[in-house]
Amino acid sequence: MRVRFAPSPTGALHIGGARTALFNWLLARGSGGTLVLRIEDTDRERSTLENVEQILDALRWLELDWDEGPVSQAARAERHREVLETLIDAGSAYRSTATADDVKAYKQSHGADRGFRGEDEPEGAIRLRVPDEGATVVSDAIRGETVFDHVHLDDPVIARADGSVLYNFAVAIDDADAQITHVIRGEDHLSNTPKQLLVLEALGVEPPLYAHLPLLHGPDGRKLSKRHAAASVQELRDAGYLPAAVRNYLALLGWGPDDDTAILSTDELVRRFSLAGVGNAPAQFDERKLRWVNGRHLHALSHAELTAELEAFIGRTGLGPAVAIAAEKIQTLADFWPLCGFIYDGPADDPAAWAKTLGADVGPERLAAAREALAEAQPFELAEVEAALRGVVERAGVKPAQIFQPLRVALAGTTVSPGIFETVALLGREETLRRIDAALARTAPAPPDAA
RNA sequence: GCCGCUAUCGUCUAGGGGACUAGGACGCCGCCCUCUCACGGCGGAAACCGGGGUUCGAAUCCCCGUAGCGGUACCA
């Protein structure tokens, strides 16, 4: 099995493209086949080197490796020109100066039931001759057979007047030359497939097998675009998702295992994926489910692995201790710092949290009680810290939160943090007392004559 | 306009003539756990686009309609 992923470098790799790449990759890896990467850069206006790099980066981050390429489609211009000549010599293609407007006008006058057929001229763009009669049938592994009657097809332009070729021609030649056996791509290509089939037929080349994947839509049900958040692989990466989780989630869009399994490792994906399991209705990208899938993958990581991921993501080291007490509370890598940053950078500034717990009333005196107990905890380990703080709760005869929340705000600056005992033990006695004292000083400035 | 694809809870889906009082997952709601936030556990609300057929029987097959999407470029 030889498959290919052929993005066009006109923008970043979005999740639709990423899923197409993933499905091809899964098929190649699952069958011991070959994945060819081809860059469809024949549109010189919109293709850029930056985009190519960005796409390769995205694929590398997703850990989708390829066996051949990347080959530039534009670099194959010689070969394309050569085949073009063959087609013209054989009478399968011809030059025509007809413009898009001419085609429109033609269809206006001939009605909808007659595709455009141009005159053979000495110059102009090159059009493929579509037979007047009959039909071209696209056999699709996902959709079955789709019949395209030739009467509805216009003779498509396959090369510009200067001889540079267009997509529907180049793609057919390149897939054939690369001996691609299965063309797996988005459904947006289905309607163009007969043109490619016609090119191959004119050349007497056996066509590959096709599989057109249902398209991906944004959360609003509309076609995915730059307007949608997290639409590109780069954005997913920045949002703190794990490549394995993204692969898992993307696989679930349009495909599902026979049972109700939702969390799959990449090995399982490779083993279980098949085109037969791919549905045919478009799917919407739902970031909330991605978050959940990501959480499951993230929590399956060992402490060392997660620490490494987090340190790379945040760009700091020494995060291990905080990771140990916060791992279960985060779903993405990006969740970590807002939750634990205070451990390293000091308490956050959250006026609302302050007002609620230490602003007035009995907050400060409860914090003082906690300070007193913690000052004596010996040794300053988790068990002793917990015992000390629970003792304060008991003596005060209040709910645990009434002691713990003021303390949490004193230490973290906010009402949300890892477990309070863990946090205190991690900060250590000195730092804990220092922060409590700072909070107390701020909450109750000493009266002028108290000293 | 024309050609084509698609249509099950809000979302991803299971289902491929009787096993369907339509199953699971995310999300949502409630309860439990609980020091906050999460995690976890338990429970709940929530869907076969509409209309015709075919059949003893249709979510499942066929037709029509509707809607969404794609194509209709000297873009890919």
Side-chain angles (χ1 to χ4, degrees), chain A residues 6-10 40-47 73 96-100 103-104 107-108 111-113 115-116 124-127 138 140 142-143 146-149 151-154 156-162 164-168 170-171 186-195 212 214-215 217 219 221-223 249 252-263 279-293 295 299 326-331 335 339 353 357 386 389-390 393 399-405 407-409 412 414-421 423:
Chain A
S8 101
T10 52
E40 311 239 298
D41 51 0
T42 52
D43 183 344
R44 294 151 303 185
E45 302 285 297
R46 298 191 298 154
S47 300
Q73 190 161 57
S96 161
T97 55
T99 63
V103 175
K104 237 177 211 163
K107 301 189 82 166
Q108 290 275 332
D113 256 0
F116 175 80
I126 299 160
R127 289 185 185 268
V138 178
D140 189 287
I142 295 169
R143 267 154 244 281
T146 304
V147 178
F148 293 88
D149 292 320
V151 286
H152 298 305
L153 263 36
D154 303 322
V157 174
I158 55 176
R160 303 179 178 95
D162 66 4
S164 62
V165 298
L166 264 24
Y167 171 75
N168 284 118
V171 72
E187 196 210 297
D188 49 338
H189 291 286
L190 181 61
S191 297
N192 281 323
T193 305
K195 298 176 192 170
H212 288 95
L215 259 21
H217 291 171
R222 302 197 64 82
K223 189 184 165 190
Y249 176 69
L252 259 21
L253 257 24
W255 172 85
D258 296 332
D259 54 33
D260 289 323
T261 309
I263 301 300
N280 31 23
Q284 284 185 36
F285 174 71
D286 178 12
E287 194 174 352
R288 290 177 305 184
K289 186 153 184 175
L290 204 212
R291 272 190 70 83
W292 174 77
V293 170
H299 295 149
E328 62 184 7
K329 297 179 183 297
I330 62 173
Q331 278 188 308
D335 290 344
L339 183 68
T357 57
E386 174 161 4
L389 289 175
R390 291 217 186 269
V393 170
K399 288 183 177 172
Q402 293 179 284
I403 300 296
F404 299 162
Q405 283 301 80
L407 176 58
R408 191 187 309 279
V409 173
T414 70
T415 55
V416 177
S417 82
I420 194 67
F421 315 128
T423 300

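Computed from a prediction, not measured in an experiment: that's the story for all the values here. Letters A, B, ... mirror the listed sequences (proteins, then strands); counts begin at 1.
Not counting sequence neighbours, the partners of Ala326(A) by the side-chain contact (heavy atoms from CB on, under 4.5 Å) test are Phe336(A), Leu339(A), Cys340(A), Pro418(A). Listed by chain and residue number, Ala125(A), Arg127(A), Leu166(A) satisfy the side-chain contact (heavy atoms from CB on, under 4.5 Å) test with Val157(A) (two or more places apart in sequence, or in another chain). Thr415(A) pairs by the side-chain hydrogen bond (donor to acceptor under 3.5 Å, both in side chains) definition with nothing, not counting sequence neighbours. For Asp140(A), there are no salt bridge (charged side-chain N to carboxylate O under 4.0 Å, His left out) partners, not counting sequence neighbours. In this view, Asp154(A) and Lys107(A) satisfy the side-chain hydrogen bond (donor to acceptor under 3.5 Å, both in side chains) rule, not counting sequence neighbours. Qualifying salt bridge (charged side-chain N to carboxylate O under 4.0 Å, His left out) partners for Arg160(A), counting only residues two or more places apart in sequence or in other chains: none. Remark: Phe116(A) engages Tyr106(A) in a ring-ring contact (aromatic ring centres under 6.0 Å, His included) (not counting sequence neighbours).
Judged purely by distance below 3.5 Å, without hydrogens or angles, the side chains of His212(A) and Thr193(A) pair a donor atom with an acceptor atom.
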In B/S/- notation (B base, S sugar-phosphate only, - none; protein heavy atoms under 4.0 Å), nucleotides 5-16 of chain B written 5' to 3' is SSS--BSBS---
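Projected onto RNA chain B by closest heavy-atom contact, Lys195(A) and Gln405(A) fall at different nucleotides, the more 5' of which corresponds to Gln405(A). Residue-to-nucleotide proximity on RNA chain B shows that, of Asn192(A) and Ile420(A), the 5′-proximal contact is made by Ile420(A).
Dashed line: the shortest gap from a side-chain N or O of Arg160(A) to OP1 or OP2 of rA73(B) is not under 4.0 Å. For rC75(B), neither phosphate oxygen OP1 nor OP2 lies less than 4.0 angstrom from any side-chain nitrogen or oxygen of Ser8(A).
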Could you list all N or O pairs between the protein and nucleotides 39-41 of chain B that sit under 3.5 Å apart?
none

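Set against rC69(B), rA25(B), rA76(B), the side chain of His189(A) has rA76(B) as its closest nucleotide.
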